[in-house]
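For this chain, numbers begin at 1 and follow the sequence in order. For ligands, and for the atoms within them, numbers begin at 1 and follow the listed sequence.
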Amino acid sequence: MFFRLMYHIVLPVYVVFVIFASVSLGKTQNAFFMIVFGLLFIASIFLERMYTHLFLFIASGEIISLLLFHYTSQLNWCYSIYIILLSKFLFQVKGAVKGIFLGFGFMVIYTVIRATYSPVNSYSIFGVGSDFLTSIAVVLIIQYIIEMEAKKNTLIEEKKREELLYKEEKMKLIAEMAAGLAHEIRNPLTIIQGFLQHSKEDHYNIQPWYDLIFSEVNRMNKLTVEFLQFSKPDVSQYQVYSIHDCLKRVISLTKSEAQSVGHQIVYTHTEYNPDLLVKMDFNKMVQVFVNLINNAIQSMVESGHITIRLLKVGNLAVCEVCDTGVGIEDADLKKIFNPFFTTKAEGTGLGLSICQKIVQDHGGTIEVSSTPKYGSIFTICLPLDTGASHALDFSND
Ligand SMILES: Nc1ncnc2c1ncn2[C@@H]1O[C@H](COP(=O)(O)OP(=O)(O)O)[C@@H](O)[C@H]1O
Ligand SMILES: [Mg+2]
């Protein structure tokens, strides 16, 4: 936009200015030819834009008409026109060396024409030196702009490519999830359909199977309810909360259930931990820990302990949920975060994949280590908030 303003407005205005100056100062010896060459020069600038495929031909015309215009105007002020034209060509040639050669060529031509009307003395020789240095500076500035522009374009391209890749990955994930959900729902549906068909066609009494049918319907319901939790956390819900308050809420929600099946929840934290602030969707994060504790409860056949530890490691809040349950076999460790992977008869296999998604949406990580027969440790790392204020207090005591 600015360059177009320079070439299509400033440049023609400059040519007209030189014509007036040369005529007014009585410098030109042939005003008619000067005007003709000036107009030719302006016309070639516009033609170049219209007939881009004839660039070389029109560019030569531009240079020749400028030389003749300069020669007939007999004015040093044409120097600025050379510089503007040079800057235009610099955008076409690539590389500083080529640019410097081009600038050098322009200055040689300018100096030779200037010598036809200006006396050769020490002043004009220093003037030539200054002109050459100016042209080098212009070349370097334009080169810098070109480089910056190229870098910006590569960054934009990279970002576009990344976005495309991200979208593709997302679509792939959605397709996989949809296929998984369809597969999970098809089994109970087939069972229910079989019973209904049997009952309709053969008047088969399905009453004794009501419980089974209900349990299959409940399973489908559970699957869809959990599946809905995959929805992205609402970023507007993100506020700065104390992770300590979050864990206290989780414990108050799960304590009685754990106790009813004979388990103890132990929460350990150091003095500093109440200050561990994390930007989060409070409810989603509660959901993550409740899921982990439910898994821990389900993993312990005999009465056991669930230990929750909260630590600060560098700029991370680290929360560990440890149980003394059956543990996870090595072969299963890689699969437990996959949607629909479950080893439980009543499981949906969605709990951990939902936890992983929520934690990742918060810029954190979730990892597991486990020893079969002894128990498992789930570790969640969340980036600590830096410098924001504590928004709400959810603490119960
Ligand atoms: N604390 C744990 N101890 C032992 N196994 C676990 C634990 N947490 C998760 N798992 C394993 O990971 C699987 C997937 O868990 P999850 O995604 O919550 O689905 P679900 O609980 O419905 O099975 C479980 O079926 C279980 O095999
Ligand atoms: Mg679970």
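- Only the side chain of D323 comes within 4.0 Å of ligand 1, counting heavy atoms alone; its backbone N, CA, C and O stay farther away.
- A heavy-atom distance below 4.5 Å is found between the side chains of F340 and L181.
- Nearest protein heavy-atom contact of atom 23 (O) of ligand 1 is T342 OG1, 2.6 Å.
- Near F341, meaning under 4.0 Å from one of its heavy atoms, ligand 1 places the atoms 13 (C), 14 (C).
- Residue contacts with ligand 1: S376 is included, with a non-hydrogen atom under 4.0 Å away.
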For residues 286-296, which side-chain N or O atoms pair as donor and acceptor with protein atoms under 3.5 Å away, sequence neighbours left out?
residue, atom, partner, partner atom, Å
Q287, NE2, Q229, OE1, 2.5
N295, OD1, K344, NZ, 3.0

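- A donor and an acceptor atom, one from each side chain of H70 and Y82, are located under 3.5 Å apart.
- Of the protein's non-hydrogen atoms, the one nearest atom 20 (P) of ligand 1 is G349 N, 3.7 Å.
- Just one of V326, D323, L333 meets the side chain to side chain contact (heavy atoms under 4.5 Å, CB included) condition when paired with S376; it is D323.
- Applying the 4.0 Å criterion to heavy atoms of I328 picks out, from ligand 1, the atoms 4 (C), 5 (N), 6 (C).
- Residue contacts with ligand 1, taken as heavy atom pairs separated by less than 4.0 Å, involve F378 solely via side-chain atoms from C-beta onward.
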List the steps, then state whether side chain to side chain donor-acceptor pair (under 3.5 Å) holds for N76 with Y117. CA-CA 9 Å; N76 285 354; Y117 60 85; 2.7 Å; yes
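- L75 approaches S22 most closely through the heavy-atom pair CD1-N, 3.6 Å.
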Go through the steps to decide whether F46 and H8 satisfy the test side-chain contact (heavy atoms from CB on, under 4.5 Å), and finish with yes or no. CA-CA 7 Å; F46 284 96; H8 295 136; 3.7 Å; yes
Could you give me the CA-CA distance, side-chain angles and deciding distance for T348 and E226, then say whether side chain to side chain donor-acceptor pair (under 3.5 Å) is met? CA-CA 8 Å; T348 61; E226 287 200 21; 2.9 Å; yes
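- Atom OH of Y71 is surrounded by 12 or fewer heavy atoms from other residues, nucleotides or ligands within 6.0 Å.
- For the Mg ion (ligand 2), the count of nearby protein N, O or S atoms, meaning those under 2.8 Å away, is 1.
- Ligand 1 has a nitrogen or oxygen under 3.5 angstrom from a nitrogen or oxygen of L352.
- Residue contacts with ligand 1: S353 is placed with no nitrogen or oxygen under 3.5 Å of a nitrogen or oxygen of the ligand (distance criterion only).
- Between the side chains of Y110 and S135, no donor-acceptor pair of N or O atoms lies under 3.5 Å.
- Proximity of a side-chain donor or acceptor of T28 to a complementary backbone N or O of T72 within less than 3.5 Å is detected.
- Each of the atoms 22 (O) of ligand 1 lies under 4.0 Å from some heavy atom of T348.
- The ring of Y14 has its center no closer than 6.0 angstrom to the ring center of W77.
- The nearest heavy-atom contact from the protein to atom 18 (O) of ligand 1 is N295 ND2, 2.8 Å.
- Protein heavy atom nearest atom 11 (C) of ligand 1, with residue, atom name and distance: I336 CG2, 3.8 Å.
- For the residues E346, K344, E226, K335, the heavy atom positioned nearest atom 21 (O) of ligand 1 is part of K344.
- Listed by atom number, the atoms of ligand 1 under 4.0 Å from S299 heavy atoms are 2 (C), 3 (N), 4 (C).
- Near G347, meaning under 4.0 Å from one of its heavy atoms, ligand 1 places the atoms 22 (O).
- If you check which protein heavy atom lies closest to atom 25 (O) of ligand 1, you get T343 N, 2.9 Å.
- With hydrogens and angles ignored, the 3.5 Å screen pairs a side-chain donor or acceptor of H263 with a backbone N or O of G304.
- Closest approach of S252 to R249, counting heavy atoms only: OG-O, 2.8 Å.
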